[in-house]
*Asks:* 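My questions will all concern the structure given below.
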Amino acid sequence: DQYGSGLYNEFLATSTRHGITVRASQAVVRRNDVAVAGELRGLFEPLRASGARIFVVFSHGDWAEEIVRELQRTGMVEGYAYLGSDSLATDNVVRYNNGSVMAERATRWAGMVSVRNSPVHGERWEEYRTAWQAANATRFFDADGDRTTTNHFAGNVYDATIAFAIGLDAFLRDGNTFGGRAAQLRLLDFIKAADFQGLTGRVTFDAVGDRVGGKFELVNLLPE
């Protein structure tokens with residue numbers, strides 16, 4: 001899906017710059033929103049044949065369990081290390097639907113690591129949550145129907161939107177117009193120049209476009 005594809009493409013584009021050698025890669029296009037069983041069958045064989053032992057996995061939550069199951073079937077457990085997006089090292093991959101732990105799988109996959117954005121705290125965040133709870137439910141749709149909860153990406157998405165708006169405003173005020181690659185890069189320069197206090201803290205960017213001081217967590221899957 002778009003979530004995994006964007007991260008996957010960015011990693012391939014920037015890996016060399018960070019001293020990472022990619023021996024093999026595999027992208028899977030999600031064909032539907034429900035059934036994933038069998039869609040990965042056999043796709044990891046070329047990865048095993050590449051000789052790589054460290055794998056980076058970008059996956060939506062619904063795929064995590066199927067990915068783990070297929071990697072296990074392919075024999076890619078012992079001697080391999082996995083670093084994934086936020087959905088990989090979670091309870092979903094080692095628990096049954098009733099909540100009990102799959103002891104053997106939990107032991108086999110101990111050490112699997114995921115990266116996720118840190119939880120948002122602070123006065124501005126609480127103001128945002130209060131405003132969200134009071135917002136018109138027809139105009140502002142809530143995916144799970146519970147306005148007292150907020151998706152953990154919400155703060156980052158809000159700040160990303162504000163950063164784009166600031167950059168776009170500066171771009172237009174500078175007399176620029178859209179059209180062509182040069183205009184796109186010019187707009188990007190204005191976005192990278194944004195500097196403001198967002199829901200997740202101060203938002204600024206380095207010359208590459210990465211956020212300065214972005215907060216993330218490493219989640220390590222433990223056998224317990």
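All residue numbers in this chain count up from 1 along the given sequence. Everything quoted here is computed from the prediction, not taken from an experiment.
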*Asks:* With hydrophobic residues grouped by side-chain heavy-atom distances under 4.5 Å, do Leu187 and Leu172 end up in a single group?
*Replies:*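 Yes, Leu187 and Leu172 fall within the same hydrophobic cluster.
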*Asks:* Would you name the heavy atoms of Glu217 and Pro119 that are closest together and state the gap between them?
*Replies:*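 Looks like OE2-CD, 3.1 Å.
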*Asks:* Nearest heavy-atom pair of Tyr82 and Val57: which atoms, and what distance?
*Replies:*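 Answer, listing the atom of Tyr82 first, then Val57: CD2-CG2, 4.1 Å.
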*Asks:* With under 30° as parallel and over 60° as perpendicular, where do the rings of Tyr158 and Tyr128 fit, or are they tilted in between?
*Replies:*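 The arrangement is perpendicular - the two ring planes meet at more than 60°.
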*Asks:* Give the intermediate values and the outcome of salt bridge (Lys or Arg N to Asp or Glu O under 4.0 Å) for residues Glu70 and Arg73.
*Replies:* CA-CA 5 Å; Glu70 183 61 18; Arg73 192 197 68 80; 2.9 Å; yes
*Asks:* Could you walk me through whether Asp169 and Phe190 pass side-chain contact (heavy atoms from CB on, under 4.5 Å), step by step?
*Replies:* CA-CA 9 Å; Asp169 179 70; Phe190 278 103; over 6 Å; no
*Asks:* From Leu199 CG over to Glu126 CD, what is the distance, rounded to the nearest 0.5 angstrom?
*Replies:*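 With rounding to 0.5 Å, CG (Leu199) is 10.5 Å from CD (Glu126).
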*Asks:* Say whether Leu7 and Leu83 are linked into one hydrophobic cluster, either directly or through other cluster members, by side-chain heavy-atom distances under 4.5 angstrom.
*Replies:* no
*Asks:* What do you reckon, is CZ of Arg202 surrounded by more than 12 foreign heavy atoms closer than 6.0 Å?
*Replies:* no
*Asks:* Side chains of Arg69 and Gln72: any donor to acceptor distance under 3.5 Å?
*Replies:* no
*Asks:* Val56 and Val219: same hydrophobic cluster, using ILVMFWY side-chain contacts below 4.5 Å?
*Replies:*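 Different hydrophobic clusters.
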*Asks:* Look up atom OG1 in Thr14 and atom CG in Asn9, then write down how far apart they are to the nearest 0.5 Å.
*Replies:*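 Here the interatomic distance stands at 10.5 Å.
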*Asks:* Please check if Leu43 and Ile67 belong to a single hydrophobic cluster, counting links between Ile, Leu, Val, Met, Phe, Trp and Tyr side chain heavy atoms closer than 4.5 Å.
*Replies:* yes
*Asks:* What is the distance from atom CG of Leu168 to atom OG1 of Thr161, rounded to the nearest 0.5 Å?
*Replies:*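 Here the rounded value is 12.0 Å.
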*Asks:* Between Arg48 and Gly75, is there a donor-acceptor pair closer than 3.5 Å when you use the side chain of the first and the backbone of the second?
*Replies:*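 The answer is no, because no donor-acceptor pair under 3.5 Å joins these two groups.
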*Asks:* Nearest 0.5 Å please: distance from the CG atom of Asn220 over to the OG atom of Ser114.
*Replies:* 9.5 Å
*Asks:* Which heavy atom in Ala194 sits nearest to a heavy atom in Phe205, and how many Å separate them?
*Replies:* O-CD1, 4.3 Å
*Asks:* Is it true that a side-chain atom of Asp174 and a backbone atom of Ala170 form a donor plus acceptor pair closer than 3.5 Å?
*Replies:*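 No; zero donor-acceptor contacts below 3.5 Å.
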*Asks:* Distance from Thr148 atom OG1 to Arg129 atom CZ, nearest 0.5 Å?
*Replies:* 7.0 Å
*Asks:* Where do Ser25 and Tyr8 come nearest, in terms of heavy atoms and distance?
*Replies:* OG-OH, 3.1 Å
*Asks:* Quick check: closest heavy atoms across Ser85 and Phe58, and the distance to 0.1 Å?
*Replies:*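 Distance-wise, the nearest heavy atoms are OG-CA, 3.6 Å.
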*Asks:* Does a sphere of radius 6.0 Å around CD1 in Ile54 hold more than 12 heavy atoms from other residues, nucleotides or ligands, not counting ones at 6.0 Å or beyond?
*Replies:*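 Open.
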*Asks:* Given Trp132, which partner from the list Asp142, Thr149, Thr150 fulfils the side chain to side chain donor-acceptor pair (under 3.5 Å) test?
*Replies:*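 When Asp142, Thr149, Thr150 are each tested with Trp132, the side chain to side chain donor-acceptor pair (under 3.5 Å) holds only for Asp142.
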*Asks:* Rounded to the nearest 0.5 Å, how far does NZ of Lys192 lie from CG of Leu185?
*Replies:* 8.5 Å
*Asks:* So among Arg211, Lys215, His121, which one has a side chain to side chain donor-acceptor pair (under 3.5 Å) with Thr200?
*Replies:*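 Testing Thr200 for a side chain to side chain donor-acceptor pair (under 3.5 Å) against Arg211, Lys215, His121 leaves exactly one candidate, Arg211.
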*Asks:* Is any side-chain heavy atom of Val115 closer than 4.5 Å to a side-chain heavy atom of Leu218?
*Replies:*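 Yes, side chains in contact.
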*Asks:* Salt bridge or not for Arg124 and Glu127, using N-O below 4.0 Å?
*Replies:* no
*Asks:* Got a donor-acceptor contact below 3.5 angstrom from the Asp195 side chain to the Thr204 backbone?
*Replies:*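 Side chain of Asp195 to backbone of Thr204, a donor-acceptor pair under 3.5 Å: no, none is there.
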*Asks:* Kindly give the heavy-atom pair with the smallest separation between Ala24 and Leu47, and that separation in Å.
*Replies:*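 Looking at all heavy atoms of both residues, the closest pair is CB-CD2, 3.8 Å.
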*Asks:* Please check: side-chain N/O of Thr74 versus main-chain N/O of Met76, any donor-acceptor pairing under 3.5 Å?
*Replies:* no
*Asks:* Hey, any chance Leu12 and Ile20 share a hydrophobic cluster, counting ILVMFWY side chains that come within less than 4.5 Å of each other, even indirectly?
*Replies:*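 Yes, same cluster.
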